[in-house]
Amino acid sequence: MKLYNTLSGRLEEFVPADADEVKMYVCGVTPYSSTHVGHALSYVVFDTLRRYLEYTGYKVRHVQNFTDVDDKIIQRAQESGVSEDDLVDEFIGDYFHAMDALNIQRAAEYPRATREIPRILDAIAGLIDRGHAYPAAGDVYFRVTSKDDYGKLSHRTLDSMIAGARIQVDENKEHPMDFVLWKGAKPGEPSWESPWGPGRPGWHIECTAMSLEYLGEQLDIHGGGQDLVFPHHENEIAQSECYTGAKPFSRYWMHNGLLQLGSDKMSKSLGNLVSVADALEEFTPDAMRLYFLSSHYRSPLAYSDEGAAAVERSLERVRHALTPGNGSGPQVDAAEHRARFTAAMEDDLNTPQAVAVLFDLARDINRGRDAGQSIDDGQSTLRELGDVLGLTFAERVSSASELAAAPFIDLLVSVRTELRAARQFALADQIRDSLAEQGVALEDSAQGTQWQYQSPS
RNA sequence: GGCGACGUAGCCAAGUGGACUAAGGCGGAGGUCUGCAAAACCUCUAUUCGGCGGUUCGAAUCCGCCCGUCGCCUCCA
């Protein structure tokens, strides 16, 4: 399969170092606030990549970290009067709840920075030994001038970075772009002992230490949002390659485009967040996944309720294609659909085209059913391909109050059936209209009347 | 200021030199079915790809300029 590699800036044929197992590291969240739909987009993308790789026969070892110590966590914990640990546990719980709901497969390991301190200290000490880092006033900094290809991922030079002129000059640093590996403790902050005094790890070094610990010196795929390219991933490369000497640190770097809300990026600092929990109040997990996958992963995606609602409607036809058929004619042939689907996925995970194939297949199944064809081959292919995209095709889950109302709706429907049999259509239609106002949709067919709650739209 | 991405139908969104007389979805119009609906199915819905030049036998696709939108350069998926 071809993948776009941020490092080279072009499409490359994907070949893992070890043909049996793909080593994939995806940057995880800093758990200090609710998981939002921007996170969901990113993790749906990498979950879909993993599912496709597994579909084509690879084993994938997926590792994803939690940055469980950081300025924001400390600040948030102090504001709300809880311990850092409790705060982190709460939002890690929120994260897993959201990811499970979205049918995102769990990683093999979820290392946490605070539980990897010895590995982190080893890495920092090694970098100092090799002349790539230096202690200064309780901190330890990475010496960017010691790596001649620093900037190769984000495709910029040290000079152009400085030209940005938004860097806080710090007199402890040898070079303005040097970044912190170890932060000396300030009063009241969580800290760990180190050869350079008490402190905590910088953001970038944890990923170096954890990927090394759980995946080894070289990764096949390193993923994350495009906002992580610089400085986070650039710095990871610098640390990892200087520490291990193994190049490249990751063979492929993949970055998803960021979710936008209105015209702005959705981000914690802008405060324009839609949480996954809120989104799932209104829309099915399938709709969220399909929404994310209906544009290419490297493009930005503008999130809106209208957009999600349109996707939700589009799913109904696909779900209909999976309802039982009773045709006995020739099977609807789905082999060509599978081939087109695979070709799309092979092309840098072109999920918009893959999704289009799913819609084509659903239409062919529905058409075949109308024509009296057998549709079970088509249906099993539809489920198989849908599963690669993580789609379950499950209906919306009814709330407790909706379940409680069901017997009464059944009663009204059976009364209406009697009325229709007696050709009392005005009354029958009145019942149907009234139920529609309550969000209950009726469908009459030769097999009787079906009803369901309408998804909000 | 530096680096980069993008601009395709009312909306979302693929396609990046010739099979494009431009996928797929939403919305809209008409039809089949139905007591009427709904759902499903059928047909139609961009002679055109931000604008202007250029390269080419041929451009949505390559080059230049202009206009517009967005991202990164600072915590972020």
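Below, chains carry the letters A, B, ... as their sequence lines are ordered, and counting in each starts from 1.
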Exercise. To the nearest 0.5 Å, how far apart are CZ in A:Arg61 and CG in A:Leu215?
Worked result: 5.5 Å

Which pairs, protein N/O on one side and nucleotides 24-27 of chain B N/O on the other, fall under 3.5 Å?
from  : atom 1 : to       : atom 2 : distance (Å)
B:G25 : OP1    : A:Arg317 : NH1    : 3.4
B:G25 : OP1    : A:Arg317 : NH2    : 2.9
B:C26 : O3'    : A:Arg313 : NE     : 3.0
B:C26 : O2'    : A:Arg313 : NH2    : 3.1
B:G27 : OP1    : A:Arg313 : NE     : 3.0

What interatomic distance, in whole Å, is found between [atom1] of [M] and the corresponding atom of [N]?
{"N": "B:C57", "M": "B:C44", "atom1": "P", "result": "37 Å"}
{"N": "B:G15", "M": "B:G25", "atom1": "C1'", "result": "16 Å"}
{"N": "B:G28", "M": "B:U34", "atom1": "P", "result": "24 Å"}
{"N": "B:A46", "M": "B:C41", "atom1": "C1'", "result": "25 Å"}
{"N": "B:G2", "M": "B:U48", "atom1": "P", "result": "37 Å"}
{"N": "B:A14", "M": "B:A23", "atom1": "P", "result": "15 Å"}
{"N": "B:G58", "M": "B:G54", "atom1": "C1'", "result": "15 Å"}
{"N": "B:G64", "M": "B:G4", "atom1": "P", "result": "12 Å"}

When the ring planes of [X] and [Y] are compared, do they come out parallel, tilted or perpendicular, using 30° and 60° as the limits?
{"X": "A:Phe66", "Y": "A:Tyr110", "answer": "parallel"}
{"X": "A:Tyr95", "Y": "A:Tyr43", "answer": "perpendicular"}
{"X": "A:His222", "Y": "A:Trp253", "answer": "parallel"}

Would you mind reading off the distance between [X] atom [atom1] and [N] atom [atom2], rounded to a whole angstrom?
{"X": "A:His232", "N": "B:C73", "atom1": "NE2", "atom2": "C1'", "result": "17 Å"}
{"X": "A:Gln260", "N": "B:C6", "atom1": "CD", "atom2": "C1'", "result": "11 Å"}
{"X": "A:Leu11", "N": "B:G15", "atom1": "CG", "atom2": "C1'", "result": "14 Å"}

Seminar exercise, completed: Contacts of A:Glu189 meeting side chain to side chain contact (heavy atoms under 4.5 Å, CB included) (sequence neighbours excluded), chain-then-number -> A:Ile74, A:Lys186, A:Arg200

Exercise. Sequence neighbours excluded, which residues qualify as side chain to side chain contact (heavy atoms under 4.5 Å, CB included) partners of A:Thr381?
Worked result: A:Ala334, A:Arg338, A:Leu361, A:Leu385

Exercise. Quick check: are there more than 12 heavy atoms from other residues, nucleotides or ligands sitting under 6.0 Å from CG of A:Asp433?
Worked result: yes

Exercise. Near A:Gln450 CD, under 6.0 Å, is it more than 12 heavy atoms from other residues, nucleotides or ligands?
Worked result: no

Problem set entry | Residue closer to the 5' end of RNA chain B, A:Arg369 versus A:Ser295 (nearest nucleotide) | A:Ser295

For this session: Please figure out whether A:His155 or A:His296 has its closest RNA chain B nucleotide nearer the 5' end.
Result: A:His155

For this session: Please list, chain by chain and in numerical order, all residues satisfying ring pair (Phe, Tyr, Trp, His ring centres under 6.0 Å) with A:Tyr297, sequence neighbours excluded.
Result: none

N-O pairing of [X] and [Y] below 4.0 Å:
{"X": "A:Arg112", "Y": "A:Asp85", "answer": "no"}
{"X": "A:Asp347", "Y": "A:Lys2", "answer": "no"}
{"X": "A:Arg363", "Y": "A:Asp360", "answer": "yes"}

For this session: Tell me whether the OP1 or OP2 atom of B:A14 has a side-chain N or O from A:Ser299 closer than 4.0 Å.
Result: yes

Problem set entry | Short side-chain N/O contact from A:Asn366 to OP1 or OP2 of B:C41, under 4.0 Å | yes

Protein-nucleotides 30-35 of chain B N/O pairs closer than 3.5 Å?
from  : atom 1 : to       : atom 2 : distance (Å)
B:G35 : O6     : A:Arg420 : NE     : 3.0
B:G35 : N1     : A:Asp429 : OD1    : 3.0
B:G35 : N2     : A:Asp429 : OD2    : 2.6

Look for any protein N or O under 3.5 Å of an N or O in nucleotides 18-22 of chain B and output each such pair with its distance, or none.
none

